[in-house]
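Here it is: the structure, laid out below.
Since the model is a prediction, treat every value here as computed from it, not as a measurement.
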Amino acid sequence: MMVRMHVGISRGRWTRAGIAACAVAAGALAVSFGTATPASAQAEWWEQLPGFGSPSYSKRRERVRPAVRRSEERSESFEDLRPNATPLLSDVMLASMDRAIERYERILQRGGWRLIPKGRTIRPGDDDDRIPAVKARLRATGDLAQSQSYFESLTLDDSVYRALRKYQLRNGLRVTGGVDRATLATMNVTANERLDQLRLNRRRIVDLMQPRVEDRYVLVNVPAFELEAVEHFEAKQRHRVIVGREGRDTPELKGTIKALNFFPFWRVPTSVATLDLIPRLLREPEYLAEEGIRIYDGSYDGPEIPSSQINWGSVDATRVRFKQDPGERNALGLVRLDMSNEHGVYMHDTPMKNLFKQVGRAFSAGCVRVQGVFDLAEWIAKYEPGWEQPGQVRTVLEAGQPLDLKLTRPVPVIFAYITAWAEPDGKVNFRHDLYNRDGSAALAARDAAEPDPDLPPPPAGGITP
């Protein structure tokens, strides 16, 4: 029997904190400025906790996806978090974007850049007739230095390799130093479309800053798969996140983080049950027992129903409810950030940490999974009575008991859709128009072509919120 403790102070009394629904997978690295702790070191203490991870699920993935492990072992750059303390929502960012817009206006006045013909992937050291066109494209945006030489090599040499890595990094691509399909599609977005994209995203940032930006808040930039925790107009932490896959879009919203739920139950939303869980049970009736998911009649608190009594081919999906027990297999991981919003989405931990190693991280059913979520929870709770000293989150996790902390100082949260921005040092960044909200087919078409054979396969695994 699991007993849930509810914590929170309101006029001297204990109060209860509610729980909602959603969930999905991955992570364990957070960045605080001045330090960047490797995921392996940062995760060490909580990976030993009872209830962490999902051994049975990990073993299944070992058998199913050796190609992904090989891909993850390649020595590719993976520095996709913004590197400075400037928040996205700031006057400094707007000034940087104004300079970027002026720069792209000048590029357009010079004629922009020509399209690069399609063809095979060009790898470092390869010779290819398109290399001069690749160099011209990189020079147009300052990724490659101008050349005074009359001779143009057809080899993807070291200078082009380094320029391509810079280009890929600021465009949210896999940093390989080669020209794969995604890189080529991104390079062939016209200068005019990039200028329009910068102007559109500047307007988005201005709108998000109205009527004013709070002194302390959390912002998730969905297309960048990134979260920043901001206080006193500085980004104090940044985290990789997993967001909704196509068709299960993570919404744009403004809400409030009102509670932290440690060792949460997962109340499987009806949409996830209908679209994902019940179809899976037709193939794998044992899945419920393996994942610790129980069935209830009518509501999440209704009478429990044995799965053996249900015909999954004709079940009434509007009547049955599914709830996953806290612990090692729970899709929400060890902590859930309960946040008020009309979409019923929230942020949470995940047992599927390996997915944070992917560059594109649109894998969820709409909720946001946070890498290094325990550091974020520590930051959120630090002004709560009894939580002022660092380490309280660790104490709760080591205790291994469900606990809800209702926040006396709720934290505003924004889910934003920013696909272009400029850093104070002049680097202009673009991200894939994940949900086709920028109004340009070219910006949304990066992943529309046939699958790239160099990419790892999409993740297989558990039902995700």
Is the number of heavy atoms from other residues, nucleotides or ligands under 6.0 Å of R319 CZ greater than 12?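 No, because the 6.0 Å sphere around CZ of R319 holds 12 heavy atoms or fewer from other groups.
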Quick one: does any side-chain atom of Q371 pair with a main-chain N or O of K353 as donor and acceptor, under 3.5 Å?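 Not confirmed, Q371 side chain does not pair with K353 backbone.
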Validate the cation-pi geometry between R216 and W379: distance from NZ or CZ to the six-membered ring centre under 6.0 Å, angle to the ring axis within 45°.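 Yes, R216 and W379 form such a contact.
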Are more than 12 heavy atoms from other residues, nucleotides or ligands located less than 6.0 Å from atom CD of Q210?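 Atom CD in Q210 is crowded, with more than 12 foreign heavy atoms closer than 6.0 Å.
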Can you check salt bridge (charged side-chain N to carboxylate O under 4.0 Å, His left out) on E228 and R238, steps first, answer last? CA-CA 4 Å; E228 59 183 30; R238 287 204 173 94; 3.0 Å; yes
Counting only N and O atoms by type, is there a donor-acceptor contact under 3.5 Å from the side chain of R431 to the main-chain atoms of R170?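 Yes, the answer is positive, given that a donor and an acceptor are paired below the 3.5 Å cut-off.
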Check: E384 side chain, T408 main-chain N or O, donor-acceptor pair, under 3.5 Å: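 Confirmed, E384 side chain pairs with T408 backbone.
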If you take all heavy atoms of A317 and T270, which pair is closest and at what distance?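 Scanning both residues, the minimum pair turns out to be O-CG2, 4.0 Å.
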Hey, is the main chain of Q358 close enough, under 3.5 Å, to the side chain of R361 for a donor-acceptor pair?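 At least one qualifying donor-acceptor pair exists.
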K254, NZ atom: more than 12 neighbouring heavy atoms under 6.0 Å: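 Atom NZ in K254 is packed in, count exceeds 12.
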Checking side chain to side chain donor-acceptor pair (under 3.5 Å) for the pair D316/T318: CA distance, chi angles, key distance, verdict? CA-CA 5 Å; D316 183 355; T318 64; 2.6 Å; yes
Under 3.5 Å donor-acceptor, N201 side chain and W421 backbone: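 Not at all, since once roles are kept as given, no pair shorter than 3.5 Å links the two residues.
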Does R294 count as lying over the ring of F322, i.e. NZ or CZ under 6.0 Å from the six-ring centre, within 45 degrees of the axis?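 Relative to the ring axis of F322, which defines the angle, R294 lies outside at least one limit.
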Run the salt-bridge test on E388 and K382 with the 4.0 Å N-O cut-off and return the result as yes or no.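 K382 and E388: not salt-bridged.
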If you count heavy atoms of other groups shown closer than 6.0 angstrom to NZ of K427, is the number above 12?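 Result for NZ/K427: open.
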Is it possible for you to check whether R321 lies under 6.0 Å from the centre of the six-membered ring of Y296, through NZ or CZ, and within 45° of that ring's axis?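 Relative to the ring axis of Y296, which defines the angle, R321 lies outside at least one limit.
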Could you point out which residue of N261, D404, D349 forms a side-chain hydrogen bond (donor to acceptor under 3.5 Å, both in side chains) with R336?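 Going through the options one by one, the only one that passes is N261.
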Quick one: is the NZ or CZ of R437 closer than 6.0 Å to the six-membered ring centre of Y417, and within 45° of its axis?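 Yes, R437 lies over the aromatic ring of Y417.
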Can you tell me if E246 has over 12 outside heavy atoms packed within less than 6.0 Å of its CD?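 No, because the 6.0 Å sphere around CD of E246 holds 12 heavy atoms or fewer from other groups.
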Would you call R165 and E79 a salt bridge, taking side-chain N to carboxylate O under 4.0 Å as the test?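 E79 and R165: not salt-bridged.
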Please give me the minimum heavy-atom distance between P87 and A235, naming the atom from each residue.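 Taking P87 first and A235 second, the nearest heavy atoms are CG-N, 4.2 Å.
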Check: N221 side chain, I418 main-chain N or O, donor-acceptor pair, under 3.5 Å: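 Confirmed, N221 side chain pairs with I418 backbone.
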Could you go step by step and tell me if R240 and E226 meet the salt bridge (charged side-chain N to carboxylate O under 4.0 Å, His left out) rule? CA-CA 5 Å; R240 294 187 179 94; E226 181 173 14; over 6 Å; no
Does the pair T190 and E193 meet the rule for a side chain to side chain donor-acceptor pair (under 3.5 Å), with working shown? CA-CA 5 Å; T190 67; E193 287 168 322; 3.1 Å; yes
With side chain to side chain donor-acceptor pair (under 3.5 Å) as the test, would you mind laying out the steps for E423 and N84 before giving the verdict? CA-CA 8 Å; E423 299 295 352; N84 54 60; 2.9 Å; yes
Provide the closest heavy-atom pair for M347 versus V370 in the form atom of the first, atom of the second, distance.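 It is CB-CG2, 4.0 Å.
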Cation-pi check for Y300 against K323: NZ or CZ below 6.0 Å from the six-membered ring centre and within 45 degrees of the axis, yes or no?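 Negative - K323 is either too far from the ring of Y300 or too far off its axis.
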